[in-house]
Q: 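Got a structure for you, questions after.
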Amino acid sequence: MNVVVVGSGGREHALADVLGRTADVVVTPGNPGIANSTPAPATELEADLYVIGPEAPLVDGLADELRAAGKLVFGPGADGARLEGSKAWMKELLVDAGVATAGHGTFTREEPALEFLDTMVPPYVIKTDGLAAGKGVVVTESLTEARNAVGDYLSGAAFGSAGQQLVIEEGLVGPEVSILAICDGQRAVALAPAQDFKRASDHDEGLNTGGMGAYSPVPIVSAHLLDDVMALFVEPTLAALRRRGIDYRGVLYAGLMLTADGPKMLEYNVRFGDPECQVVVPRLTSDLAELLAQAAAGSIVDAPTFTDEAMVTVVCAAQGYPVSPRTGDVITGIDDARAIEGASVYCAGVRTNSAGELVTAGGRVLDVCGRGATLDIARRRAYEAVSKISFAGMLTRTDIAAKAAGQAQK
Ligand code: AMP
């Protein structure tokens, strides 16, 4: 099978790596750290299957364009991608589907938004309606900060038009888990659960980022909880999409908080999470290309299977991330990192300089992964591999999977 993967980050590198076990893969536009990257757009490449990685091309209708040309595509059309493209629309759909989620209000004007905010209790949660590269969410204990965020969002000062409609949500408390499901329009099958780390610094401090690390499996997600999430969240959502005439073929990524009142949906993403993908997909023991091709064709036959081995990924980010990452610093040590048993490195924000060296070119630069019989072993290998990598100003969290590795050992 020939597969085109669309995207240029660590997620696409991991997808290409695992699809490459059974298929011939080209990545567009890819990056210099990913083999078989090409600048040619997907619409100009011939393949048996097209897998679209990031949310932006999905929201922009790339899947529709390719399907209109008769191609087999894994990824929702623009209609389904609204789940991620508009938080207000997603919340409406969740309510319609009867899915448990945080109470909310949607606003385009400041006065009613501030009035609503005054009725809430901390933590206050303000979200842009539109896409903001995973950064459009403020969670704060401070009413002043929340009120300021409302002003900055609605005026367009903070996120341009993405923030000019906003959602204010009830603040939920509890551990977060990500459940990724592969959907063929009718049926959904679960992938192994993962947990990611959104904050920039250790102990979940600092700014929200696209994600600083992840691990899989997740000890707090039992098989029973996974079944519940599929039955009470993912399947009703797929049914609500169908009622709207949306044939959803792609990833439904459920971001859940396990609250004292049971699991509640925080958000849906319409693609593999980045960096969750990097720890979930390599654990597959069944054929990823076959699974995605079946989903794209509307008929998943078998549920995917996974190794018992754990995976941990640690993001190496550029100095200044997530606000203004510094670029152009030479990266060394990738080969040494890969030489460590169980380690792998996926390339994200990288390019080559005029001397042909690999240099930093974005906020999240590399995903350094460790794999092993337990989370603890996987975690040690990931950090040992990280210790081989260097570039000026490199930022990493030191506590990725630390708690879970401890829990799993008890
Ligand atoms: P989202 O992009 O909606 O997943 O939000 C990013 C992060 O903000 C989540 O991973 C949570 O850590 C946090 N968050 C979002 N919604 C809520 C909420 N209702 N209550 C508490 N934290 C939240």
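Start at 1 and go down the list; that is how both ligands and their atoms are numbered. Throughout, numbering of the chain's residues begins at 1 and tracks the sequence. This is a predicted model, so every value here is computed, not measured.
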Q: Could you tell me whether Glu176 and ligand 1 have an N or O pair separated by under 3.5 Å?
A: yes
Q: Once you restrict to heavy atoms under 4.0 Å, what part of Glu170 touches ligand 1? Side chain, backbone, both or neither.
A: backbone
Q: Looking at Arg11 and Asp367, does any basic side-chain N land under 4.0 Å from a carboxylate oxygen?
A: no
Q: Enumerate the atoms of ligand 1 whose separation from the nearest heavy atom of Val137 is less than 4.0 angstrom.
A: 1 (P), 2 (O), 5 (O), 6 (C), 8 (O)
Q: With a 4.0 Å cut-off on heavy atoms, does Gly171 reach ligand 1?
A: yes
Q: May I ask whether Lys264 places a heavy atom under 4.0 Å from ligand 1?
A: no
Q: One thing to verify: whether Arg381 and Glu341 come together as a salt bridge, which I'm taking to mean a side-chain N less than 4.0 angstrom from a carboxylate O.
A: yes
Q: Against heavy atoms of Lys87, which atoms of ligand 1 measure under 4.0 Å?
A: 2 (O), 3 (O)
Q: For ligand 1 and Leu172, I'd like to know whether there is a polar contact (N/O to N/O, distance under 3.5 Å).
A: yes
Q: Under 6.0 Å from the CG atom of Asp308, do we count more than 12 heavy atoms belonging to anything else shown?
A: no
Q: Is any side-chain N of the basic residue among Glu169 and Lys87 closer than 4.0 Å to the acidic one's carboxylate O?
A: no
Q: Under a plain distance cut-off of 3.5 Å, with no hydrogens placed, do Thr285 and Thr305 share a side-chain donor-acceptor pair?
A: yes
Q: For Ala40 and Thr28, work out which heavy atoms get closest and say how close.
A: O-OG1, 2.7 Å
